[in-house]
Amino acid sequence: MKTKARLMDDKAMGRAVIRIAHEILEKNHGMEHLVLVGVKTRGVPFAKRIAKKIEEIEGVKVSVKTLDITLYRDDLTEVNEQPTINQAINFDVKGKDVVLFDDVIFTGRTVRAALDALVDHGRPRSIQLAVMIDRGHRELPIRPDYVGKNAPTSRNEIISVKFIESDQEDSVTILEKEK
């Protein structure tokens with residue numbers, strides 16, 4: 001794959017985090033029922049950055065949890081029978097305002113799997129969605145509440161979001177599949 005374009009550098013990602021943190025604070029009118037949930041893998045550092053920014057702004061610590069949706073995905077082709085659900089989450093969502101974080105929203109299937117995992121473990125008061133990149137091409141009627149950047153793409157392109165915590169750099173690039 002070759003790099004087609006750089007969409008965001010570390011400064012642009014930082015500005016998106018600041019903006020999204022403020023938007024979450026404005027929409028939720030308080031932090032007492034708020035929990036931030038990062039979809040494993042790159043939704044987690046994104047959620048932690050937002051939590052850190054909210055703490056800087058409000059002086060209040062926000063809970064950050066990790067959600068592993070592996071067993072909820074609908075694209076597991078090697079599993080012959082329905083997998084047993086085990087510990088996708090180990091926290092209570094009942095009555096909470098959950099903000100779900102992922103790096104990129106594309107078809108909406110990852111978010112659908114995350115919603116299934118959350119609801120299997122209780123009924124949140126509300127679920128909101130934050131993504132760093134919205135690239136379009138939805139197959140399900142799912143729309144993020146908070147978006148770092150909209151980046152319309154073609155299906156032969158891949159969005160690569162990197163966080164310094166896991167990738168040693170902060171960047172968002174469009175990669176083009178070689179034909």
Side-chain angles (χ1 to χ4, degrees), residues 13 16-17 19-55 57-58 60-150 159 161-163 165-166 172:
M13 289 177 75
V17 165
R19 180 175 37 79
I20 291 170
H22 281 282
E23 290 173 355
I24 289 169
L25 286 168
E26 288 174 16
K27 183 171 184 171
N28 288 284
H29 311 292
M31 311 307 299
E32 94 180 67
H33 298 289
L34 192 67
V35 62
L36 308 183
V37 178
V39 175
K40 193 176 175 186
T41 299
R42 287 185 179 79
V44 176
F46 185 24
K48 287 180 178 178
R49 286 185 186 192
I50 296 293
K52 182 178 178 188
K53 188 54 65 181
I54 287 173
E55 186 175 358
I57 296 165
E58 292 289 309
V60 176
K61 240 183 180 359
V62 181
S63 181
V64 178
K65 305 296 183 181
T66 299
L67 181 63
D68 183 352
I69 62 163
T70 305
L71 297 178
Y72 285 84
R73 296 188 60 93
D74 63 3
D75 57 356
L76 292 176
T77 56
E78 297 174 18
V79 178
N80 293 332
E81 53 189 77
Q82 188 68 16
T84 304
I85 305 309
N86 63 351
Q87 294 302 317
I89 62 176
N90 59 359
F91 54 92
D92 186 22
V93 296
K94 185 178 177 187
K96 303 286 187 189
D97 293 312
V98 174
V99 182
L100 188 63
F101 288 83
D102 203 4
D103 57 347
V104 178
I105 186 166
F106 182 35
T107 62
R109 293 189 179 279
T110 298
V111 175
R112 187 222 30 96
L115 293 171
D116 288 349
L118 285 171
V119 172
D120 274 357
H121 289 81
R123 183 174 178 188
R125 186 162 74 175
S126 70
I127 302 174
Q128 302 158 42
L129 175 62
V131 297
M132 184 61 76
I133 300 293
D134 183 346
R135 65 173 289 189
H137 301 286
R138 227 59 98 241
E139 294 174 2
L140 299 170
I142 294 173
R143 177 187 50 85
D145 299 279
Y146 314 102
V147 178
K149 185 174 186 75
N150 287 293
I159 298 284
V161 176
K162 294 183 178 180
F163 290 98
E165 296 87 343
S166 55
V172 179

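- Put simply, CG on Leu118 and CD1 on Ile127 are 5.0 Å apart, with the number rounded to the nearest 0.5 Å.
- Arg42 CZ to Met132 CE: the interatomic distance, rounded to the nearest 0.5 Å, is 12.5 Å.
- Counting heavy atoms from C-beta outward, Ile50 and Tyr146 have side chains that stay 4.5 Å or more apart.
- With rounding to the nearest 0.5 Å, the separation of CG in Asp120 from CG in Leu115 is 11.0 Å.
- For the atom pair CG (Leu34) and NE2 (His29), the distance works out to 12.0 Å, reported to the nearest 0.5 Å.
- In this structure, Arg143 and Arg138 have side chains that are not in contact, with every pair of non-hydrogen atoms separated by 4.5 Å or more.
- The CG atom of Leu25 sits 5.0 Å away from the CE atom of Met31 when rounded to the nearest 0.5 Å.
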Inset, instruction - Determine, step by step, whether Met13 and Val161 satisfy the side-chain contact (heavy atoms from CB on, under 4.5 Å) criterion, reporting the C-alpha distance in whole Å, the side-chain angles of both residues, the deciding distance to 0.1 Å, and the verdict. - result: CA-CA 10 Å; Met13 289 177 75; Val161 176; 4.3 Å; yes
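- Within the 4.5 Å cutoff, the side chain of Glu165 has no heavy atoms near those of the Val44 side chain.
- Looking at Arg125, its side chain never comes within 3.5 Å of a backbone N or O of Lys94 through a donor-acceptor pair.
- Considering all non-hydrogen atoms of both residues, Ile142 and Gly108 come closest at CD1-O, 3.3 Å.
- Taking all atoms of both residues into account, the shortest heavy-atom contact from Asp134 to Val131 is N-CG2, 4.3 Å.
- The heavy-atom pair separating Val64 from Lys48 by the smallest distance is CG1-CG, 3.8 Å.
- For the pair Ala130 and Val99, the tightest heavy-atom approach, listed with the atom from each and the gap, is CB-CG1, 4.2 Å.
- In this pair, Phe163 and Phe46 present their aromatic rings parallel. The plane angle is below 30°, not in the 30 to 60° band.
- Here the straight-line distance linking atom CG of Asp102 with atom CG of Leu129 works out to 7.5 Å at 0.5 Å rounding.
- Other residues, nucleotides and ligands contribute more than 12 heavy atoms inside 6.0 Å of the NZ atom of Lys27.
- Here the closest heavy-atom approach between residue Leu67 and residue Ala117 is recorded as CD1-CB, 3.9 Å.
- Side-chain contact between Val111 and Leu140: absent, with no pair of heavy atoms (C-beta onward) separated by less than 4.5 Å.
- A donor-acceptor pair under 3.5 Å is formed between the side chain of Arg19 and the backbone N or O of Gly148.
- For the pair Leu100 and Ala114, the tightest heavy-atom approach, listed with the atom from each and the gap, is CD2-CB, 3.6 Å.
- Counting only heavy atoms from C-beta outward, the side chains of Val93 and Lys65 never approach each other to under 4.5 Å.
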